[in-house]
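Here is the structure we will look at, set down as structure tokens.
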Amino acid sequence: MTEDEIRTAVLAALTSVAPDLEGEAVDPATAFRDQFDFDSMDLLNFAIALHDSLGVDIPEIDYPRVASLKGSIAYLSEKLSASGRS
């Protein structure tokens with residue numbers, strides 16, 4: 001997958017968890033919880049949505065790595081490359 005495809009998947013997962021964010025500008029470097037009303041349950045649901053759409057297992061210990069757009073893209077790129085699906 002390209003970085004743009006991963007970005008699109010991340011944004012789709014984000015809006016599936018918080019539909020009111022659709023169309024909102026997302027600062028790639030800022031944690032979702034600092035930009036939006038995004039709590040730990042939202043982060044869990046976000047990780048599940050990423051798993052469902054991309055097939056990447058995200059253990060709870062890695063949740064901080066997917067807590068921002070930039071972090072999510074980097075983490076998923078790494079995981080997809082390691083699995084041979086990049």
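Counted within 6.0 Å of CD on Glu3, heavy atoms from surrounding residues, nucleotides or ligands total 12 or fewer; the atom is thus considered open. Heavy-atom contacts from other residues, nucleotides or ligands closer than 6.0 Å to CG of Asp37 number 12 or fewer.
Once rounded to the nearest 0.5 Å, the distance linking CD of Glu5 with CD1 of Ile73 reads 12.0 Å. To the nearest 0.5 angstrom, Asp27 atom CG is 5.0 Å from Gln35 atom CD. If you take CZ on Arg7 and CG on Leu76, they are separated by 13.5 Å, rounding to the nearest 0.5 Å.
If you look at Phe46 and Phe32, their ring centroids are closer than 6.0 Å.
Of all heavy-atom pairs between Phe38 and Arg33, the closest is O-CB, 3.2 Å. Between Asp62 and Tyr75 the shortest heavy-atom distance is OD2-OH, 2.7 Å. Across all non-hydrogen atoms, the minimal contact from Val66 to Leu43 is O-CD1, 4.1 Å. What you find for Ser77 and Ile6 is that their closest heavy atoms are OG-CD1, 3.3 Å. For Leu14 against Val26, the heavy-atom pair with the smallest separation is CD2-CG2, 4.2 Å.
Panel note: side chain Ser68, backbone Ala31; no donor-acceptor pair is recorded below 3.5 Å. In this structure, Asp42 contributes its side chain and Asp39 its backbone to a donor-acceptor pair below 3.5 Å. When atom types are taken as modelled, the side chain of Ser81 and the backbone of Glu78 share no donor-acceptor pair closer than 3.5 angstrom.
Side-chain contact between Ile58 and Lys79 is absent, with no heavy atoms from C-beta onward closer than 4.5 Å. Within the 4.5 Å cutoff, the side chain of Val56 has no heavy atoms near those of the His51 side chain. In this structure the side chain of Leu11 reaches within 4.5 angstrom of the side chain of Leu69, judged on heavy atoms.
Hydrophobic clustering (side-chain heavy atoms under 4.5 Å, transitive across Ile, Leu, Val, Met, Phe, Trp, Tyr) groups Phe36 together with Met41.
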